[in-house]
There are 2 protein chains.
Amino acid sequence: MYHSGASGYTSPMESPAAPTPKGPGNSCVNCGVRSATVCAALGDPQLEEVEAHKVGDHYFPAGSDLFLQGTQSEYLYTIKEGWVMLYTLLQDGRRQINEFCLTGAFIGCQSDMMGPSSYSAQALTGVTVCALPREGIDAVFQRVPEMAVRFACIATKSMESAFATLATVGRGTARERIAHLLADLEARSQVVQTESSAGPLALPITQEHIGDALGLTSVHVSRTLKQLREDDIVSLRGHALHILDRPALMDVAGITPHQTQT
Amino acid sequence: MYHSGASGYTSPMESPAAPTPKGPGNSCVNCGVRSATVCAALGDPQLEEVEAHKVGDHYFPAGSDLFLQGTQSEYLYTIKEGWVMLYTLLQDGRRQINEFCLTGAFIGCQSDMMGPSSYSAQALTGVTVCALPREGIDAVFQRVPEMAVRFACIATKSMESAFATLATVGRGTARERIAHLLADLEARSQVVQTESSAGPLALPITQEHIGDALGLTSVHVSRTLKQLREDDIVSLRGHALHILDRPALMDVAGITPHQTQT
DNA sequence: CGAGCAATTGAAATGGGTCAAGACGTGTGG
DNA sequence: CCACACGTCTTGACCCATTTCAATTGCTCG
């Protein structure tokens with residue numbers, strides 16, 4: 001049913017990534033997603049510093065890995081378009097998906113900036129990223145402290161998001177976890193995609209992805225989605241996500257922090 | 001059995017926090033825990049910038065909150081001594097413990113630096129922290145970008161740690177989760193405490209804390225600990241943690257990332 | 001000594017996992 | 001154009017790890 005011409009995550013075959021060089025037609029100044037990225041708060045002079053350091057855009061076809069756990073990727077990436085998942089493979093072969101990353105996400109950061117990554121990153125759709133060499137990035141941060149600060153904020157946001165996921169997975173039922181994830185993905189896509197605010201959202205993930213992100217079996221994800229569909233709350237068929245009853249969804253997702261009164 | 005005179009987390013009554021002013025006797029240069037903190041990589045001139053901004057040490061008795069979710073704490077804290085937990089209260093009253101923080105941890109970071117926190121922080125023992133006013137911290141980061149970067153790395157480490165917890169909680173059995181947590185806490189305390197490398201470690205947490213951190217019931221934590229004790233792997237009685245069979249413990253904790261060969 | 005919290009233990013209930021068989025859709029090759 | 005293969009999603013039946021409910025035992029402290 002679903003066929004996305006441009007993003008086309010359905011088939012893994014895409015052109016094999018010829019780095020688009022940086023240049024006038026691809027300058028940071030014109031970057032359409034800048035406001036969502038680590039570069040958001042930069043003025044023109046600072047932007048030049050960054051531009052001098054970056055190597056241009058890279059393209060990764062759906063299903064390919066941006067980097068693998070245990071290795072150190074040469075670049076830090078900012079997603080310009082597409083979906084990426086961060087995941088960890090366990091020794092028994094199981095997979096834990098840590099996070100779904102959308103446009104604007106800054107990936108490849110590690111606590112030990114020059115050590116190996118503890119997780120892998122895989123393209124869920126065809127993905128275009130802006131690549132910054134890891135080598136020398138600290139010097140850029142030195143010269144552009146605004147960027148270091150913004151980097152800190154983004155890292156913190158990732159931490160908070162990880163805490164939120166932890167809370168759902170640790171304390172919620174399958175129904176709550178799934179509702180929470182779908183609501184979250186929908187909210188985050190809205191921010192980026194200024195288009196169809198009402199229509200169905202195309203999620204480039206399978207039920208197995210959902211399970212691996214939430215600590216559930218794909219079988220049980222299927223059952224729970226059916227239930228949510230029968231309750232007229234959300235419908236996820238194929239890759240199309242329809243939110244039928246937003247208030248009910250928020251209510252089920254429920255695991256929102258308790259509000260401390262002041 | 002266990003009675004820690006100095007740290008005394010058993011009783012919540014302690015002196016009510018008279019801020020130790022900064023001064024020659026309490027200078028950053030002499031800070032004993034600096035290497036573990038956000039200030040680690042700073043040279044003397046940078047350290048002066050930070051010193052000028054900080055207000056001195058604060059003390060929080062065991063059981064008191066450093067800040068509450070939904071509010072914005074006036075300060076950012078670096079733990080100089082003691083244990084703190086970061087936790088989120090859900091609307092139904094349940095609690096998810098996000099992280100146990102030890103000496104050197106930098107807490108109070110938020111993605112929206114001037115907004116409310118999405119989690120709370122509570123002292124598990126009497127805690128001494130170095131307090132930096134949130135107001136004006138961005139200016140410090142501007143002037144000392146090394147610190148912003150280090151800050152980002154610390155947040156990233158929290159994220160990675162949350163990912164690791166997520167993997168255990170999402171995929172592991174109660175036995176594995178508990179083994180993982182105990183091994184982790186033990187390893188992290190060793191780094192800080194240069195003393196008793198063999199003796200029992202005093203954990204200032206209850207079985208309910210363990211449950212709330214791992215998505216388990218305290219009842220089931222009790223049962224599982226009993227099992228681990230009977231298997232001569234670890235013993236946690238009262239607050240004393242004895243590791244009886246380290247290899248076995250590591251093996252059970254198991255949920256370590258699969259190593260990608262290069 | 002009694003209050004209160006933490007830890008135990010038992011019995012019963014259940015959410016989610018496991019195993020296994022089908023259904024559906026889509027792309028491939030004959 | 002059809003047949004087949006493969007991946008994803010469904011559904012059923014059974015099982016088990018963990019939860020829930022409830023009662024008891026310690027331990028610490030006032």
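Chain naming here is simple, since letters A, B, ... match the order of the sequence lines and numbering starts at 1 in each.
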Give B:Arg177 one of three labels, base, sugar-phosphate or nothing, depending on what nucleic acid heavy atoms sit under 4.0 Å from its own.
nothing

Rounded interatomic separation in angstrom, taking CG from A:Leu214 and P from C:dG15
18 Å

Please say which of B:Leu241, B:Leu201, B:Ile233 ends up in a side-chain contact (heavy atoms from CB on, under 4.5 Å) with B:Leu182.
B:Leu241

Closest to the B:Thr217 side chain, choosing from C:dG16, C:dG17, D:dT20:
D:dT20

Please confirm whether the backbone N or O of A:Leu185 pairs with a side-chain atom of A:Ser189, one donor and one acceptor, at under 3.5 Å?
yes

Expressed as a whole number of angstroms, how long is the span from A:Arg94:CZ to C:dG16:P?
15 Å

B:Ile210 has an atom CD1; how far is it from atom C1' of D:dT18, in whole Å?
16 Å

Is the closest side-chain heavy-atom distance between B:Ser117 and B:Leu68 below 4.5 Å?
no

Separation of D:dC9 P from A:Ile178 CD1 (nearest whole Å):
12 Å

Between B:Arg223 and D:dT20, does any side-chain N or O lie under 4.0 Å from OP1 or OP2?
no

Need one value for A:Leu216: base, sugar-phosphate or nothing, where a base atom within 4.0 Å counts as base even if backbone is also close, heavy atoms only.
sugar-phosphate

Looking for any heavy atom pair under 4.0 Å, which part of the strands does B:Arg175 touch: base, sugar-phosphate only, or nothing?
nothing

Protein-nucleotide distance (B:Gln227, atom CD; C:dA7, atom P), rounded to Å:
18 Å

Regarding A:Gly215, tell me which of base, sugar-phosphate or nothing describes its non-hydrogen contacts under 4.0 Å with the strands shown.
sugar-phosphate

In whole Å, I'd like the distance from the CD atom of A:Glu208 to the P atom of C:dG17.
13 Å

Residue B:His220, side-chain atoms from C-beta onward, closest of C:dT9, D:dT19, D:dC9:
D:dT19

Would you say A:Gln207 reaches D:dG7's phosphate, i.e. side-chain N/O to OP1/OP2 under 4.0 Å?
no

A:Leu225 atom CG is separated from C:dG16 atom C1', nearest whole Å, by 15 Å

With no angle test and no hydrogens, is the base of C:dT8 tied to the side chain of B:Arg229 by a donor-acceptor pair under 3.5 Å?
no

Partner of B:Lys80 by side-chain hydrogen bond (donor to acceptor under 3.5 Å, both in side chains), out of B:Asp57, B:Thr128, B:Thr103
B:Asp57

Interatomic distance where CZ belongs to B:Arg171 and C1' belongs to D:dA17 [whole Å]
16 Å

OP1 or OP2 of C:dT8 versus the side-chain N and O atoms of B:Lys226: is any pair under 4.0 Å?
no

Among A:Thr88, A:Asp212, A:Thr165, whose side-chain hydrogen bond (donor to acceptor under 3.5 Å, both in side chains) with A:Asn98 holds?
A:Thr88

Closest to the B:Val219 side chain: D:dT19, D:dT11, C:dT9?
C:dT9

Heavy atoms from C-beta onward define the side chain here; which of D:dT19, C:dG16, C:dT9 lies closest to that of B:Ser222?
C:dT9

